[in-house]
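Below is one structure, written out as structure tokens; the observations come after it.
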Amino acid sequence: MEERFLQQLKKGVLEMMVLEAICRRETYGYELLTTLREATGGLFSLKEGTLYPILYRLEDEGLILSSWSQGAGRNAPKKMYAATKKGLAQRLRHRQVWKEFLTAVDGFYREESE
Amino acid sequence: MTEQQKKMKKYCNAVERRLNLPRDVRTRVMNDFASSIAARREAGETDEAIFAELGTPREAAAVLNEQMKEYAYRKSPWRWAALAAVILGGLMIAYNGLVGLLTHALNAAINSNSSVGIIGGADGPVAIFVTSNPSVEGLLVWLLVLATGLIGWWYFSHMRE
């Protein structure tokens, strides 16, 4: 039950976090997975397959763009993702909504403990 | 291409074959999948470690199919009607073919008997067998039913959301 609750919470915020990570800097799938895992102390340890539908949704909505990069010394090209202007604007909206959400939920729990 | 590259290409192809996704989505996923493998190699992971983490092609494809469900092909119940047409068309073609072969064989047998010496004796039976021979038009109709069924089966099994 607790596992399911955690899964639902993670699912709810994953898209926001992926967009946030891409807005911070141009990146690629594997780096996104590593960043999310390390920055959250292992809470968001995702598989590649979990990431793809989110990336495609963001790309289809015009929030991010993909391109192929062939860096120096690299053996194979990598698919890079970068935020668009629309994506950057959406990130700000996400942050705002997240703040309001946190404040509201925290307020609810504080009321209970007082 | 080195042995390692061949092995990895074979692995990716095996994963791709097992994806139940429209062609464009499949290409998109495999681009990311291959890109991710390249990145893992750059990060110092060995191919063995990558295979161990991603699992067998069947396991890797199962994970991708599960996560990409919203993009997967939808199977319409109408595909069963198409399958029925395939079976009916196939059976009727087989039946007509069998009847045609038997007719041919019997006609040949009667003709060879008639050469023994009974002139005109085989006319009646030959006429009967010839009229029971399946018509080309009939066969074409069943071929059309079979082809429509096959196309329908593919179409109704590969519908997009």
Side-chain angles (χ1 to χ4, degrees), chain A residues 3-4 7-8 10-15 17-19 21-22 25-39 42 44-82, chain B residues 1-9 11-12 15-16 18-47 49-73 160-161:
Chain A
E3 183 62 26
R4 194 169 148 231
Q7 289 295 333
Q8 283 174 332
K10 280 158 77 172
K11 202 173 170 186
V13 296
L14 196 53
E15 191 166 315
M17 290 177 71
V18 169
L19 180 63
I22 296 173
R25 70 187 182 107
E26 190 181 24
T27 184
Y28 48 92
Y30 180 64
E31 192 176 51
L32 268 171
L33 294 179
T34 316
T35 305
L36 287 173
R37 187 178 61 237
E38 288 173 358
F44 283 79
S45 294
L46 311 172
K47 292 201 170 200
E48 267 90 349
T50 315
L51 196 61
Y52 299 160
I54 296 168
L55 288 172
Y56 302 159
R57 256 199 310 275
L58 292 173
E59 194 175 10
D60 293 343
E61 285 171 20
L63 302 175
I64 59 172
L65 271 177
S66 67
S67 60
W68 285 95
S69 147
Q70 177 80 61
R74 284 180 182 160
N75 295 325
K78 280 207 294 278
K79 199 174 171 189
M80 307 295 292
Y81 289 95
Chain B
M1 195 182 275
T2 65
E3 274 306 308
Q4 259 190 333
Q5 285 170 326
K6 275 185 197 166
K7 198 175 166 190
M8 191 55 86
K9 191 171 168 50
Y11 178 83
C12 287
V15 172
E16 187 173 2
R18 289 172 171 84
L19 293 181
N20 177 36
L21 297 167
R23 188 187 292 269
D24 56 333
V25 182
R26 209 163 57 212
T27 306
R28 206 173 182 186
V29 168
M30 289 316 295
N31 279 340
D32 277 300
F33 194 71
S35 173
S36 188
I37 288 173
R40 282 171 182 272
R41 278 172 158 172
E42 275 176 35
E45 283 190 36
T46 61
D47 283 1
I50 295 171
F51 288 138
E53 186 165 343
L54 297 176
T56 62
R58 188 183 295 275
E59 288 166 345
V63 171
L64 291 170
N65 280 328
E66 173 63 25
Q67 299 297 333
M68 298 292 297
K69 261 194 294 199
E70 64 187 281
Y71 291 92
Y73 284 129
R160 298 182 78 147
E161 288 296 337

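All values below were derived from every heavy atom in this structure, side-chain atoms included, with hydrogens, water molecules and symmetry-related copies excluded. Note on naming: letters A, B, ... go to the chains in the order of the sequence lines (proteins, then strands), and numbering restarts at 1 for each one.
Not a single donor-acceptor pair under 3.5 Å links the side chain of Y56(A) to the backbone N or O of M68(B).
Looking at K47(A), only its side chain comes within 4.5 Å of chain B, counting heavy atoms on both sides. Proximity to chain A (any heavy atom under 4.5 Å) is shown, for A60(B), by neither the backbone nor the side chain. Within the 4.5 angstrom heavy-atom criterion, no atom of R41(B) approaches chain A.
Put simply, the residue from V63(B), V29(B), L54(B), I37(B) that forms a side-chain contact (heavy atoms from CB on, under 4.5 Å) with E48(A) is L54(B).
For the residue pair P53(A) and Y71(B), the shortest heavy atom distance occurs at O-OH, 4.0 Å. In terms of heavy atoms, A38(B) sits closest to P77(A) at CB-O, 4.4 Å. In this structure, S35(B) and K78(A) approach most closely via the heavy-atom pair OG-CA, 3.4 Å.
Residue Q8(A) places its CD atom among more than 12 non-hydrogen atoms of other residues, nucleotides or ligands, all under 6.0 Å distant.
Atom OG of S36(B) is separated from atom CG of L33(A) by 6.0 Å, given to the nearest 0.5 angstrom. The line from CG of N31(B) to OG of S66(A) is 8.5 Å long, rounded to the nearest 0.5 Å. A distance of 8.5 Å separates CD1 of I54(A) from CD of Q67(B), quoted to the nearest 0.5 Å. Note that the CZ atom of R28(B) and the CG atom of D60(A) stand 4.5 Å from one another [nearest 0.5 Å].
Within the 4.5 Å cutoff, the side chain of Y52(A) has no heavy atoms near those of the V25(B) side chain.
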